[in-house]
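These values consider heavy atoms only, across backbone and side chains, with no hydrogens, waters or symmetry-generated copies. Chain letters run A, B, ... following the sequence lines, proteins first and then strands; every chain starts at 1.
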2 protein chains.
Amino acid sequence: MSQHRHGSTSGEAGGVPAFPDLPEATIARLPEYLRALHHLAEAGAETVSSEGLAAAAGVNSAKLRKDLSHLGSYGTRGVGYDIALLVDQVEYILGLDKNRAVCVVGVGNLGHALAGYAGFASRGFRVVALFDADRKKVGEVINGMAVRHIDDLARVAAEETLAIGVIATPPTSAQAVADLLVAVGVTSILNFAPCVLSVPPNVDVRKVDLAIELQILSFHEHRKASLTALPGGRHDDQEAVGS
Amino acid sequence: MSQHRHGSTSGEAGGVPAFPDLPEATIARLPEYLRALHHLAEAGAETVSSEGLAAAAGVNSAKLRKDLSHLGSYGTRGVGYDIALLVDQVEYILGLDKNRAVCVVGVGNLGHALAGYAGFASRGFRVVALFDADRKKVGEVINGMAVRHIDDLARVAAEETLAIGVIATPPTSAQAVADLLVAVGVTSILNFAPCVLSVPPNVDVRKVDLAIELQILSFHEHRKASLTALPGGRHDDQEAVGS
DNA sequence: AACTGTGAACGATTTCACAGCA
DNA sequence: TGCTGTGAAATCGTTCACAGTT
């Protein structure tokens, strides 16, 4: 199990393990599979079928099989997947064996919550530093960690490799913070500020915008309301769009 | 060009315009366009080209034009889009003119932050109630609102139509809370608990999982490391594979 | 000339359906 | 028989490139 042959179709340079290049959509689902696998393992299961794992992860089984097939062949026909083996594989692919250091910039409402979020620690991430630009907040201790001034970022980065920077500042400072993070070598950013960041191409940014989530739900509420507002309730299929 | 309304061919009630049925991918981007439009309006602009708006929203202009074309023809060739008009249109489509009531269930770290999140109030959402199952938290006042016991949910729902329920509980209670929300008529749920919820088909659930976001970034860190670690031959990034 | 709106090409993702293995 | 792994088909989303409008 220490080797994953999986000779990706692209005959890359060297005869090395080579990183399988997974579709983005697959990558985004792997963490959910992993959570489901851990859950099953805790419940004492040793193997699981694609059907069972798919149900636990909230997807359909064909999609799950296709996703897992990108990692290699870790299932047994007629039986299912070995849970422990699959957990190892997925954790390896996601790089979760590294216990990556995370810093949070902006200790407002949200940053405060993120600093104390147990879900991070329990999944291979260590929140190692909190920063804020407000000197009144510097020194405040949250979850056993003292808030430092953003000017100390470079110093902290020199002591410890920061793998991921989390931006929880107001949108007006977010770009400046992103620039700082990039300057000290951070190449992955999770942005909670409602704005677009521009960063060099080697830096990955993911954005979480809470208001946008509500707005999307609002759209669906609006849509549902406009359907139920129709006279006769249900009606046969619609759509002959295009004029 | 064609009329400003895509009609579903089925009947419409009263004066309510028919609902265009937009691709999900487009819907998810509309809030970002809206934010960019507000930003431009504050800066004093009256019109904007697809190029300009696309840049402000972080997408390319072809995609933006295609997205907006689904709403109807609100641009002027040779000129661009009228910002005020487009703001109205997008807000209408997203149903943001309704000032929807939101409740937050689970007043831990994260729920606390959500209760005080200014980004909600400023975008057409009112957080009208906070719930928790822990009697020790009931009565605590957050952001001018007293935390109520979850058993009061039905009472509150009877007084005011709750459009959206936000779940910020531990994953072990999330399904039970979802069932409660559904029982009192909530048809849109924003779930922060790391678990899959099952709900009736008329209920929309969106999930935000902070650990998953970090894991996706971790994957990309891993990938980048495995690429830069091989200058031309040997791959050596001192990590033990799985087990 | 500048810019939108949109068919058509392209690419990515999902689903189907079944061959092949335990 | 039961279940995975996977080509092929279907669906969805993006990008191109240009006709059409102001």
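Of the side-chain N and O atoms in B:Tyr81, one or more sit less than 4.0 angstrom from OP1 or OP2 of C:dG5. Residue A:Ser73 has a polar side-chain atom (N or O) positioned under 4.0 Å from OP1 or OP2 of D:dG5. Neither OP1 nor OP2 of D:dC3 sits under 4.0 Å from any side-chain N or O of A:Tyr74. Put simply, A:Ser50 has a side-chain N or O that comes within less than 4.0 Å of OP1 or OP2 on D:dT4.
Nucleotide C:dT14 holds its C1' atom 17 Å from the CG atom of A:Leu22, rounded to whole Å. Straight-line distance from the CG atom of A:Leu64 to the P atom of D:dT4: 9 Å, rounded to whole Å. The CG-C1' distance, from A:Asp82 to D:dC3, rounds to 15 Å in whole Å. Across the protein-nucleic acid pair, A:Asp67 atom CG and D:dT6 atom P stand 13 Å apart, rounded to whole Å.
Listed nucleotides: C:dT13, D:dC3, C:dC3. Nearest to the side chain of A:Glu24: C:dT13. Counting only heavy atoms from C-beta on, B:Pro23 has its side chain closest to D:dG13 among C:dT13, C:dG5, D:dG13.
Every salt bridge (charged side-chain N to carboxylate O under 4.0 Å, His left out) that A:Lys207 has, sequence neighbours left out, goes to A:Asp209, B:Glu32. Residues forming a side-chain hydrogen bond (donor to acceptor under 3.5 Å, both in side chains) with A:Arg77 (at least two apart in sequence, or on another chain): none. When the ring-ring contact (aromatic ring centres under 6.0 Å, His included) test is applied to B:Phe125, no partner is found at least two apart in sequence or on another chain. Not a single side-chain contact (heavy atoms from CB on, under 4.5 Å) links A:Ser122 to another residue, sequence neighbours left out. Here A:Asp179 pairs with A:Gln175 under the side-chain contact (heavy atoms from CB on, under 4.5 Å) rule; sequence neighbours left out.
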Pairs under 3.5 Å (N/O, protein and nucleotides 16-19 of chain D):
residue, atom, partner, partner atom, Å
D:dA17, N6, B:Arg65, NH2, 3.3

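Ring geometry for A:His222 against B:Phe19 counts as perpendicular: the plane angle is over 60°, on a 0 to 90° scale with 30° as the lower cut.
Mapping A:Thr26 and B:Gly78 onto DNA chain C by nearest heavy atom places B:Gly78 at the nucleotide closer to the 5' end.
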